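Okay, handing you the structure first.
As the structure is a prediction and not an experimental result, all values here were calculated from the model.
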Protein chains: 2
Amino acid sequence: MLKRKSDTCISCEDCNKRSPLFSLLSSEELNIMNANRFEVVFNTGENIVKQGTSASHMIMITRGMAKLYLEGFDKKNLLLEIISPWKLFGGPGLFTDYRYHYSVSALLDTSACFIATENVRRVMRLNPDFAETLLKHCSLNGVSNFQRLISLTQKQMHGRLADVLLYLSEKVYFSPHFSLNITRQEIGEMSNMTKESATRILKEFEHAAIIKLDTKNITLLDIEKLKQLSLHG
Amino acid sequence: MLKRKSDTCISCEDCNKRSPLFSLLSSEELNIMNANRFEVVFNTGENIVKQGTSASHMIMITRGMAKLYLEGFDKKNLLLEIISPWKLFGGPGLFTDYRYHYSVSALLDTSACFIATENVRRVMRLNPDFAETLLKHCSLNGVSNFQRLISLTQKQMHGRLADVLLYLSEKVYFSPHFSLNITRQEIGEMSNMTKESATRILKEFEHAAIIKLDTKNITLLDIEKLKQLSLHG
DNA sequence: TATTTTGATTGATAAAAAGCAATTTATGTA
DNA sequence: TACATAAATTGCTTTTTATCAATCAAAATA
């Protein structure tokens, strides 16, 4: 958890340019957000946010990659998202019980900017556009949680794994070919199956020429088939 | 879908008294909310909201009881909540894509008050307390969706059914003894299992003296045991 | 480079839960 | 009340998926 000068931002300017949420703010409001702001560099594997601790900050990833997950029973996790720069998060606890409801940990060396929750709340009360956009963010999370509930409870393993592959391609790596920096265990945690099942079904997809597989390198060969599997699997 | 004079409200006064959300509004703001407001009486079984249709209104249940559910694949539903008077809903689509993301249908003859979404949005921009509370509502839904995700993906049937029984007792009927107005099918839709499994496990609970069971009448005899089952099941 | 250690793979087995079919019970209606 | 329909129950079978154990491959470290 070193803080290195070369990685820190001078102000929120960078984030403003990148985040639709920040571009709504006046310079006065930006000053409020900027107060007490700090940036931290995390090594691969380190916790950025720990579920259950005090939700003191809204956090923006500025470099690297991280996983966002729910810690369930018996050390079993449910991995919800792989997040990259300019993703802002904090979770539903920011406006309820002031606790983080998920954990986030670094998959690569990762920088993150910490904005005090009370500053976010102050600005929200000053700027209705910002408030509306926060509500929209929260609602979009609601929509994707509904989709996830249906995917995880009503699809069989093949469909759930297809969903994960499409998610990785479309939302994380932005390419049909990608080099994974998550393990089979983590693929399992995204699709609610064991690492053995994840392995097995990836192999099946390879044999069916739906994907090209070389341990960490995956190429989606038949995206239509994956979408079709996603519809029931 | 009759509109009966005896069931309609004269103004939002009743709701104001009952809902923490409405009590935040000035009389001017209440007038905005009241504009174009209407109340409808639904017969048992009728749809109040249909998933996928235009999210034109935020809705308050003022009489009766309804189920709120996601429509998944192959006509398989996931029942999220049983709702009663003074519950306000509309879903995450109100502030995103202006679609309802779930269906709601009446379990009893039920009255519901419809408030135009654009009026809600106007008031939200005028009143920061209201905006903050809407965001809080949305966040609380987020928290309960996380809990549901963990319950449905990591617990076995006994634990999930225990969760449903505790929910019905604590949040719906407010008593350890209750007379169900939902079917075994619907219990299955709440706990993600078939109606046969729901029947079987209810019987098991009866034989283990955890509940007293008489088809539609249930009494929770050993709440501690149910809470323990909920922790892993 | 040799050596650990961690992650991936594979096969065999067991557990959990669904599906199916038949029957019984409850509910609503003519 | 008798009948028709819907819901609940039960036993049996099958499917899905986890678990366990062993081996293999890759990556990190001495």
Side-chain angles (χ1 to χ4, degrees), chain A residues 43-45 67 72-79 107-109 151-164 179-207 211-218 229 232-233, chain B residues 43-45 67 72-79 105 107-109 151-165 179-207 211-218 229 232-233:
Chain A
N43 298 316
T44 302
K67 60 175 178 177
F73 297 93
D74 303 324
K75 304 200 182 297
K76 199 178 163 193
N77 299 328
L78 182 64
L79 205 165
L107 292 170
L108 305 171
D109 291 355
S151 173
L152 294 181
T153 61
Q154 301 196 348
K155 294 181 189 180
Q156 296 186 343
M157 293 197 297
H158 294 74
R160 302 203 303 269
L161 192 64
D163 283 343
V164 168
S179 181
L180 281 179
N181 44 26
I182 56 174
T183 64
R184 297 293 188 268
Q185 172 71 35
E186 287 163 328
I187 290 179
E189 289 174 0
M190 296 185 80
S191 50
N192 195 41
M193 64 184 72
T194 60
K195 58 187 187 302
E196 293 93 336
S197 292
T199 293
R200 260 186 272 267
I201 296 171
L202 281 173
K203 287 285 171 190
E204 275 187 55
F205 284 0
E206 185 186 26
H207 293 145
I211 63 173
K212 190 165 166 299
L213 183 65
D214 172 21
T215 313
K216 290 290 190 184
N217 297 300
I218 295 182
L229 280 167
H232 179 237
Chain B
N43 298 317
T44 302
K67 60 175 177 178
F73 297 92
D74 304 323
K75 304 201 181 296
K76 198 178 164 193
N77 298 328
L78 182 63
L79 205 165
S105 71
L107 292 170
L108 306 170
D109 290 354
S151 173
L152 294 181
T153 62
Q154 302 196 346
K155 294 182 190 180
Q156 296 186 344
M157 291 196 299
H158 294 76
R160 303 201 304 269
L161 192 64
D163 283 344
V164 167
L165 291 172
S179 182
L180 281 179
N181 44 25
I182 57 174
T183 64
R184 297 293 188 268
Q185 174 71 34
E186 287 163 329
I187 290 179
E189 289 174 0
M190 296 185 79
S191 50
N192 195 42
M193 65 183 73
T194 60
K195 58 187 187 303
E196 292 93 336
S197 292
T199 293
R200 261 185 275 266
I201 295 171
L202 282 173
K203 286 285 172 190
E204 276 186 55
F205 284 180
E206 186 187 25
H207 293 146
I211 63 173
K212 189 164 167 300
L213 183 65
D214 173 20
T215 314
K216 290 291 191 186
N217 296 300
I218 294 181
L229 280 167
H232 181 237

Just report the end-to-end axis angle for the helix from C/dT1-D/dA30 to C/dA30-D/dT1, five pairs per end, to 10 degrees.
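Angle reported: 40°, given to the nearest ten degrees.
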Is it true that a side-chain atom of A/Arg184 and a backbone atom of A/Thr215 form a donor plus acceptor pair closer than 3.5 Å?
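At least one qualifying donor-acceptor pair exists.
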Length of the line joining B/His158:NE2 and C/dA15:P, which is rounded to integer Å
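Atom NE2 in B/His158 sits about 15 Å away from atom P in C/dA15.
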What's the spacing between B/Met190 CE and B/Asp163 CG if we round to 0.5 Å?
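Going from CE on B/Met190 over to CG on B/Asp163, the span is 10.0 Å.
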Any sub-3.5 Å donor-acceptor pair from B/Lys67's side-chain atoms to B/Ile182's backbone N or O?
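A pair under 3.5 Å: no.
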Between B/Gln154 (side chain only) and A/Phe73 (backbone N and O only), is there a donor and an acceptor less than 3.5 Å apart?
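Yes.
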Can you check whether A/Asp109's main-chain N or O pairs, donor with acceptor, with A/Asn43's side chain at less than 3.5 Å?
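Pair absent, no side-chain N/O of A/Asn43 close to backbone of A/Asp109.
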Going from CE on B/Met157 to CG on B/Asn192, what distance comes out if it is rounded to the nearest 0.5 angstrom?
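These two atoms lie 10.5 Å from each other.
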What is the distance from CD of B/Gln156 to P of C/dA18, rounded to the nearest Å?
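To the nearest whole Å, that distance equals 11 Å.
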Between D/dT9 atom P and B/Asp214 atom CG, what is the distance in whole Å?
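Those two atoms, CG and P, are 10 Å apart.
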Using whole Å, report how far CG of A/Leu161 lies from C1' of D/dT17.
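Going from CG in A/Leu161 over to C1' in D/dT17 covers 14 Å.
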Euclidean distance, atom CD of residue A/Gln154 to atom P of D/dT16 [Å, nearest integer]:
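That distance rounds to 16 Å.
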What is the separation between atom NZ on A/Lys203 and atom C1' on C/dG7, rounded to the nearest whole Å?
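Taking NZ of A/Lys203 and C1' of C/dG7, I get 13 Å after rounding.
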Any A/Lys216 side-chain nitrogen or oxygen under 4.0 Å from OP1 or OP2 of C/dA8
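For A/Lys216, the contact criterion (side-chain N or O under 4.0 Å from OP1 or OP2 of C/dA8) is met.
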Output the rounded distance in Å from CD1 (B/Ile182) to C1' (D/dA6).
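Going from CD1 in B/Ile182 over to C1' in D/dA6 covers 17 Å.
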Rounded to the nearest Å, what distance is computed from the NZ atom of residue A/Lys195 to the P atom of nucleotide C/dT10?
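Rounding to the nearest Å, NZ of A/Lys195 and P of C/dT10 are 15 Å apart.
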Heavy atoms only: give me the nearest B/Lys76-A/Thr153 pair and the separation to one decimal.
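B/Lys76 and A/Thr153 have their closest heavy atoms at NZ-O, 3.9 Å.
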I'd like to know if the side chain of A/Glu186 and the backbone of A/Leu79 have a donor-acceptor N/O pair within less than 3.5 Å.
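Flag not set: sc A/Glu186 to bb A/Leu79 has no pair under 3.5 Å.
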Could you pull out the protein-nucleic contacts involving nucleotides 18-24 of chain D (nitrogen or oxygen on both sides, under 3.5 Å)?
unit_1: D/dA18; atom_1: OP2; unit_2: A/Ser197; atom_2: OG; d: 2.9
unit_1: D/dT19; atom_1: O4; unit_2: A/Arg200; atom_2: NH2; d: 3.1

Residues in salt bridge (charged side-chain N to carboxylate O under 4.0 Å, His left out) contact with A/Lys212, at least two apart in sequence or another chain:
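Residues passing salt bridge (charged side-chain N to carboxylate O under 4.0 Å, His left out) with A/Lys212: none at all.
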